[in-house]
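Each ligand, and each atom within it, is numbered from 1 in the order the structure gives.
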Amino acid sequence: MNSIDTYNFQGKRALVRVDFNVPLDKETMAVADDKRIRAALPTIQHILNAGGSVILLSHFGRPKEGPEEKFSLKHILTTVEKNIGKPVRFSPDCIGEDALNQSKNLKSGEVLLVENVRFYSEETAGDIGFAEKLSKLGDCYVNDAFGAAHRAHASTTQIAQFFPNDKMVGFLMKSELESARKVLNHAERPFTAIVGGAKVSDKVLIVENLLNIADHIIIGGGMSYTFYKAQGGHIGNSLCEDERLETCREILTKAQEKGVQIHLPIDSTIADRFAADAETKVAPSNQVPDGWMGLDIGTEAIAQFRGVLLKSKTILWNGPMGVFEMKAFENGTKSIAVAVAEATKNGAFSLIGGGDSAAAVEKFGMSDQVSYVSTGGGALLEYFEGKVLPGVQAIED
Ligand code: AMP
């Protein structure tokens, strides 16, 4: 397998699949957060410094049928240029004559961004013919789009077969995989997984797989109330998936059989309605009065979870402990972020798993106090569900 560190890029056109699916300001259509662009810079700069040229390939939003102005990658062009520090060419199509000619005319050190691959339905269909057309743009293929690695799309997966000896992962993908593998395959013990967020149904597969690898599983957020109800608790108007009660009971039984300790929040901050200015109080999580709902873990639960985390040597965190977007219900998630940071300072390896947990850690300004914050929400989740990521497999095969 090729490594981006040692591959000879001199005079080559590197087709780099990035995840530039960045949020735009709805009014100005300017990039609202360029984190994903910055994350791809080490790969881009390395290739340019090594004498190659770069063709950037990305998806952007979810266009339904063909090109849509609001999903054009031209909106992000100036931000890409600013980050790379040089002019970037643009082709209004990702396949066809213009893209092909522009890619062929690139000189060493030059960069071309081509239009959204999802303007073709063949992209998400994983169409081989479309992948072949895209492949003509480069002499080698670099996949640095970890955020899209769980999708078997043309530009993330099928395309790799057209570069049997010239395909590799980029630096972002490499570090994402290294930290994920460290946790999945080489976790120092005790290994604690924190799973939170709204729904049990979104997290069943990851919890089931974690039962095979973790020592402790902390369950917080909206999903914890279905677990409480499954054990006969009274949860008032808290989030609940009645069709998942049996699943929760099965998970609790399996955990016991496997010797995995499941920790549910002893108490909750409850509210009389789902609103930032709701009336609040603290109650045991299994005794939420009717008309009230649990929107955050409570003070005892924070101490309970903190105790487990400070004894852990490996921590995986996916999903917030409460409605952290509202100030009144952010304390649980914030306190857990502080505990994870403290454990990290004491030598634990902590991986924050994408999506909302990454957003929370960032919101509280703690991203640099944990070991690794993943850029891939869905991809990381699927990885810890035990699934093979097609984008990674296509490079490693
Ligand atoms: P997920 O995408 O499944 O990780 O869920 C994240 C969302 O769950 C966030 O938007 C939180 O506001 C929400 N959430 C967390 N805890 C609760 C709760 N107790 N009740 C309602 N929503 C919650």
Do ligand 1 and G222 have nitrogen or oxygen atoms that lie under 3.5 Å from each other? yes

So which heavy atom in the protein is nearest [atom], and how far is it from that ligand atom?
{"atom": "atom 4 (O) of ligand 1", "value": "K203 NZ, 3.1 Å"}
{"atom": "atom 9 (C) of ligand 1", "value": "E325 OE2, 3.2 Å"}
{"atom": "atom 20 (N) of ligand 1", "value": "L295 CD2, 3.6 Å"}
{"atom": "atom 8 (O) of ligand 1", "value": "A198 N, 3.3 Å"}

Under 4.0 Å to a heavy atom of [X] - the qualifying atoms of ligand 1, by number:
{"X": "G221", "result": "16 (N), 19 (N)"}
{"X": "V323", "result": "12 (O), 15 (C), 16 (N), 17 (C), 18 (C), 20 (N), 21 (C), 22 (N), 23 (C)"}
{"X": "L239", "result": "20 (N), 21 (C), 22 (N)"}
{"X": "G294", "result": "18 (C), 19 (N), 20 (N)"}

Is it true that V340 and L310 fall in one hydrophobic cluster, defined by side-chain heavy atoms closer than 4.5 Å? no

Please tell me whether V54 and F90 are part of a single hydrophobic cluster in this structure, the criterion being side-chain heavy atoms less than 4.5 Å apart. yes

Cationic tip of K363 above F324 ring, under 6.0 Å, 45° of axis: no

Only residue of V142, T43, N143 satisfying side-chain contact (heavy atoms from CB on, under 4.5 Å) with M168 is V142

Identify which one of D166, I395, V16 satisfies the side-chain contact (heavy atoms from CB on, under 4.5 Å) criterion when paired with Y141. I395

Does some side-chain heavy atom of F9 sit less than 4.5 Å from a side-chain heavy atom of H46? yes

Record the part of D356 in heavy-atom contact with ligand 1 below 4.0 Å; permitted values are side chain, backbone, both and neither. side chain

Per-residue contact class, M293 against ligand 1 - non-hydrogen pairs under 4.0 Å: neither

Carboxylate-amine/guanidinium proximity below 4.0 Å for K327 and E330: yes

For the student: nearest non-hydrogen atoms of W292 and D272, plus distance: CE3-N, 3.6 Å

